Engineer: 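Provided herewith is a single structure, encoded as structure tokens, for subsequent inquiry.
This one's a predicted model, so the numbers in the text were calculated from it and none came from an experiment.
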Amino acid sequence: MTYAFPKDELRPLSCTGADTLGGYSLTLIDSLDTLAVVYNCTEFFKMATYVSDNISFDIDLCVSVFETNIRILGGLLSAHYIATTSSICPPNEKYPYDGGLLRLAVDVANRLTPAFDTVTRMPYGTVNLRYGVPKDEVTVTAAAGVGTFIMEFGYLSHLTGDHRYYELAYNATAALHGRRGKKGLVGTHIDIQSGKWAGPITGVGSYVDSYIEYLLKGYVMFGDQRLFECFCDIYNTSLLNFYDPITGWYGEKGAKAMLPEFGSLAAFWPGMQVLAGDVGMASFSQHQIFAQTWRKYGCIPEKINWKQNTIRQDGYSLRPEVAESLFYLYRATKDPVWREYGSEMVDSLEANMRTECGYASIKHVSKMEVWDHMESFFLSETLKYLYLLFEEDDHFLFENNVVFNTEAHPLPVLSSRAGKRSAAGGDGALVLAECPSSTCTSLLSIMTTLFFCPHTGADVLHTAPWRADGWDQELPDEAAAAETGSADPPDGLITTQTLVAEVDLLGHIRRALTEVWEG
């Protein structure tokens, strides 16, 4: 706050701020709920009041639809949920909350919705916050940029009673899912007007990751069985095509051959597997990711070749995915090895990335050369997951029915997993009734519940050969693919170092959060 506010992000070497996304205090909005997570409710309400009274999105500026959704809309909605849940943060007389964050959320969402006005119902990647889609906007966008809206837009439908948001998000997801290639895979990029794939690479990491994540988390959040069926489709196919059962690594597929390359964003996968019930597979992969990569480099480079164990794309931008998976694995198993890994991660952050006024990204991993950049997600995700990794079971996030969006914003589970749909109008809109506590499942118990899709998990681990072929971008049937754009979709233990005292480490992370926040 001392060095960067009200700019979007902190420059941790020069101790200045910079506007990087929209000039509307991105890091503040993205980390509002983090204040509540570390029990600083007074500061939370103070900053919520500031955002409500001072932030405007009526700007002649082109922004990423995807990033604005997960960071800004997700941050506003999560903060609104916390501000209206007295068991989390009791009302504050000095800074009373009047619903201003929700009003801003509706405004932001309405400024994003013009992007969805396409023949395929898949959204453009960029929108002007004042004037809509730019006339010269390109029609190619990432798969994740199409299928990562159901949580935020669905919750907004619940809060406002306007099902239009859920329908926009769902139809975009269904349209993408229906255009899987002949092997059932989705590519990294797609032309949202022609519906044809526009990139030669596919995998479970960059540009695809949160699309798969939101199929599962959307089901957990809303109980829409259609999302779970889509998740099982893509999850099974991903295991069969990307997973090497000998090493535990996930690769990528080019047009003609399998690539033994692992991107840092794919480190979210073990955490998602825990939520899906595949704890054994998640544990095996996470051991490999951490022991073979983090311990070697002190971070996870943007991309490595896991057969040669060499860096293919340099840099580490303080990404949260490793911490995220450690958090999920510990909550599900209570195995102290995951906290031991977490303590090593904290040690590396402190030794290599701590600066006078924040934490700096790594430009060259081999030399641990830092550069003047600290993404907003370092506060909203990385430190949040590390903090929660060392928290005890009585933390409010473990006692409430929440699920994290892809930016680690906690949102409430709204329905039991019954897969019910509205009969009104036959439009397939979800019944977004508040879920009774007797039928909802808390985050803590969700992660001990098995959601197993048919023919996944251990079956794949023991039977699937590593497929060295490429992926087929051709759609199985152009007419059928177009049809699926409608509202209904197609159908050995590792030795670790001694863990420092958990209470001390938890306090250390809390202090780090406070220091970075205050300046």
Engineer: State yes or no: are the ring centers of Tyr235 and Trp269 separated by less than 6.0 Å?
Structural biologist: yes
Engineer: Is there a side-chain contact between Leu318 and His373 (heavy atoms, below 4.5 Å)?
Structural biologist: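 The answer is no; the side chains never approach within 4.5 Å.
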Engineer: Assess the side chains of Ser317 and Glu375: does a donor N or O sit below 3.5 Å from an acceptor N or O?
Structural biologist: no
Engineer: Please report the interatomic distance CG(Asp98) to OG(Ser52), rounded to the nearest 0.5 Å.
Structural biologist: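 One finds 6.0 Å between CG of Asp98 and OG of Ser52.
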Engineer: Working to the nearest 0.5 Å, report the span between OG1 of Thr160 and CG of Leu156.
Structural biologist: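 Rounded to the nearest 0.5 Å, the OG1-CG separation comes to 5.0 Å.
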Engineer: Test Asn110 against Arg164 for side chain to side chain contact (heavy atoms under 4.5 Å, CB included), laying out the working first.
Structural biologist: CA-CA 11 Å; Asn110 289 339; Arg164 175 176 57 105; 3.3 Å; yes
Engineer: So that I know where these two stand, are Tyr39 and His395 an aromatic pair - ring centroids less than 6.0 Å apart?
Structural biologist: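 Under 6.0 Å, so yes.
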Engineer: Restricting to non-hydrogen atoms, name the atom on Val133 and the atom on Ala115 that form the minimum distance, rounded to 0.1 Å.
Structural biologist: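 Looking at all heavy atoms of both residues, the shortest contact is CG2-CA, 3.7 Å.
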Engineer: Return the CZ to CD1 distance between Phe284 and Ile289, rounded to the nearest 0.5 Å.
Structural biologist: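 Nearest 0.5 Å value for the CZ-CD1 distance: 11.0 Å.
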Engineer: Apply the test side chain to side chain contact (heavy atoms under 4.5 Å, CB included) to residues Glu399 and Asp394: give CA-CA distance (whole Å), side-chain angles for both, the deciding distance (0.1 Å), then the verdict.
Structural biologist: CA-CA 7 Å; Glu399 296 180 336; Asp394 60 353; 3.8 Å; yes
Engineer: Between Pro6 and Tyr50, which heavy-atom pair has the shortest distance, and what is it?
Structural biologist: CB-OH, 4.1 Å
Engineer: Would you say the side-chain atoms of Asn400 pair up with the backbone N or O of Phe396, donor to acceptor, closer than 3.5 Å?
Structural biologist: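 Such a contact is found between Asn400 side chain and Phe396 backbone.
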Engineer: Out of curiosity, Leu349 CG to Glu344 CD, how far, rounded to the nearest 0.5 Å?
Structural biologist: 12.0 Å
Engineer: Will you find, in the side chains of Thr85 and Ser87, an N or O donor that is under 3.5 Å from an N or O acceptor?
Structural biologist: no
Engineer: Salt bridge or not between Asp107 and Arg103? Use side-chain N to carboxylate O under 4.0 Å.
Structural biologist: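 Arg103 and Asp107: not salt-bridged.
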Engineer: Would you sort out whether Phe404 and Tyr385 count as a ring-ring contact (aromatic ring centres under 6.0 Å, His included), showing the intermediate values?
Structural biologist: CA-CA 11 Å; Phe404 293 102; Tyr385 279 128; 5.6 Å; yes
Engineer: Would a 4.5 Å heavy-atom cut-off, applied to side chains only, mark Ile82 and Leu32 as touching?
Structural biologist: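 With C-beta onward as the side chain, the pair stays apart.
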Engineer: Return the SG to CD1 distance between Cys299 and Ile362, rounded to the nearest 0.5 Å.
Structural biologist: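 Between atom SG of Cys299 and atom CD1 of Ile362 there are 6.0 Å.
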Engineer: Okay, side chain of Ser264, backbone of Ile300: is any donor-acceptor separation there less than 3.5 Å?
Structural biologist: no
Engineer: Pairing donors with acceptors under 3.5 angstrom, does anything connect the side chains of Tyr214 and Glu152?
Structural biologist: yes
Engineer: Within the supplied structure, the quantity of interest is the number of heavy atoms (other residues, nucleotides, ligands) at a distance under 6.0 Å from Phe268 CZ; does it exceed 12?
Structural biologist: yes
Engineer: With a 4.5 Å limit on heavy-atom distance, are the side chains of Cys89 and Phe45 in contact?
Structural biologist: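 A side-chain contact under 4.5 Å exists here.
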Engineer: Would you say the side chains of Ser376 and Arg71 form a donor-acceptor pair under 3.5 Å?
Structural biologist: yes
Engineer: Can you find a heavy atom in the side chain of Gln273 that is under 4.5 Å from one in the side chain of Val279?
Structural biologist: no
Engineer: If you measure from CD on Glu67 to OG1 on Thr148, what distance do you get to the nearest 0.5 Å?
Structural biologist: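 Reported value, rounded in 0.5 Å steps: 10.0 Å.
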Engineer: For Phe153 and Thr113, run side chain to side chain contact (heavy atoms under 4.5 Å, CB included): C-alpha distance rounded to whole Å, both residues' side-chain angles, the deciding distance at 0.1 Å, then the answer.
Structural biologist: CA-CA 10 Å; Phe153 277 42; Thr113 54; 4.2 Å; yes
Engineer: Taking Asp30 for its side chain and Leu26 for its backbone only, find out whether a donor-acceptor pair lies under 3.5 Å.
Structural biologist: no
Engineer: Ring centroid separation for Phe378 and Tyr359, is it under 6.0 angstrom?
Structural biologist: yes
Engineer: Taking all non-hydrogen atoms of both residues into account, name the closest pair between Lys217 and Leu275 and its distance.
Structural biologist: CG-CD2, 3.8 Å
Engineer: Counting distance only, does the side-chain N/O of Asp8 pair as donor-acceptor with the main-chain N or O of Tyr24 below 3.5 Å?
Structural biologist: yes
Engineer: Are the side chains of Tyr97 and Thr84 in touch, meaning some heavy atoms are under 4.5 Å apart?
Structural biologist: yes
Engineer: May I ask you to decide whether Lys7 forms a salt bridge with Asp19, counting only side-chain N to carboxylate O separations under 4.0 Å?
Structural biologist: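 Looking at Asp19 together with Lys7, the answer is yes, because their closest N to O distance falls below 4.0 Å.
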Engineer: Does a donor on one side chain sit under 3.5 Å from an acceptor on the other, for Glu9 and Thr20?
Structural biologist: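 On atom types as modelled, these side chains qualify, holding a pair under 3.5 Å.
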Engineer: Taking the six-membered ring for Trp, are the ring centroids of Trp371 and Tyr316 within less than 6.0 Å of each other?
Structural biologist: no
Engineer: Using 30° and 60° as the class limits, which term best fits the ring planes of His177 and Tyr211: parallel, tilted or perpendicular?
Structural biologist: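 The rings of His177 and Tyr211 sit tilted, inter-plane angle from 30° to 60°.
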Engineer: Tell me if a side-chain donor or acceptor on Arg121 pairs with a main-chain N or O of Ala172 at a distance below 3.5 Å.
Structural biologist: no
Engineer: Answer yes when Asp393 and Lys334 have at least one side-chain N-carboxylate O distance shorter than 4.0 Å, and no when they do not.
Structural biologist: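 Salt bridge present between Asp393 and Lys334.
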Engineer: Which heavy atom of Leu176 sits nearest a heavy atom of Ala143, and at what distance?
Structural biologist: CD2-O, 3.4 Å
Engineer: Between Tyr328 and Glu324, is there a side-chain donor-acceptor contact under 3.5 Å, judged purely by atom types and distance?
Structural biologist: no
Engineer: Aromatic ring centroids of His287 and Tyr341 under 6.0 Å?
Structural biologist: yes
Engineer: Can a donor-acceptor pair be found, under 3.5 Å and without considering hydrogens, that links the side chain of Thr126 to the backbone of Ser64?
Structural biologist: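 The answer is no, because no donor-acceptor pair under 3.5 Å joins these two groups.
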Engineer: Which heavy-atom pair separates Gly125 from Thr141 by the least distance, and what is that distance?
Structural biologist: CA-OG1, 3.6 Å
Engineer: Might you point out which heavy atoms bring Ala105 and Leu77 nearest each other, and give the distance in Å?
Structural biologist: CB-CD2, 3.8 Å
Engineer: Are the ring centres of Phe149 and Phe116 closer than 6.0 Å?
Structural biologist: yes
Engineer: Measuring centre to centre across the rings, with the benzene-like ring taken for any Trp, is Tyr165 within less than 6.0 Å of Tyr155?
Structural biologist: no
Engineer: Given side chains that start at C-beta, do those of Leu10 and Phe5 come closer than 4.5 Å, heavy atoms only?
Structural biologist: no
Engineer: On the six-membered ring of Phe327, is Arg339 placed so that its NZ or CZ lies under 6.0 angstrom from the centre and within 45° of the ring axis?
Structural biologist: no
Engineer: Decide whether Ser157 and Asp162 meet the rule of one side-chain donor and one side-chain acceptor closer than 3.5 Å.
Structural biologist: no
Engineer: Report yes if some heavy atom in the side chain of Met221 is under 4.5 Å from a heavy atom in the side chain of Ile150; otherwise report no.
Structural biologist: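 Not in contact.
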Engineer: Taking the six-membered ring for Trp and the single ring otherwise, decide whether the centroids of Tyr219 and Phe228 are under 6.0 Å apart.
Structural biologist: yes
Engineer: Just by distance, do the side chain of Asp209 and the backbone of Ala266 share a donor-acceptor pair under 3.5 Å?
Structural biologist: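 Side chain of Asp209 to backbone of Ala266: no pair is present.
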Engineer: Are the side chain of Thr355 and the backbone of Leu13 linked by a donor-acceptor contact shorter than 3.5 Å?
Structural biologist: no
Engineer: For side chain to side chain contact (heavy atoms under 4.5 Å, CB included), just list the numbers for Val402 and Val413, CA-CA rounded to whole Å, side-chain angles, deciding distance to a tenth of an Å, and then say yes or no.
Structural biologist: CA-CA 5 Å; Val402 300; Val413 175; 5.8 Å; no
Engineer: Hey, does the side chain of Ser325 reach the backbone of Val322 with a donor-acceptor pair shorter than 3.5 angstrom?
Structural biologist: no
Engineer: May I ask you to check whether His158 and Tyr166 place their ring centres under 6.0 Å from each other?
Structural biologist: no
Engineer: Please confirm whether the backbone N or O of Pro96 pairs with a side-chain atom of Asn92, one donor and one acceptor, at under 3.5 Å?
Structural biologist: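 No, Asn92 side chain to Pro96 backbone: no donor-acceptor pair under 3.5 Å.
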Engineer: Any side-chain heavy atom of Asn128 within less than 4.5 Å of one from Leu61?
Structural biologist: no
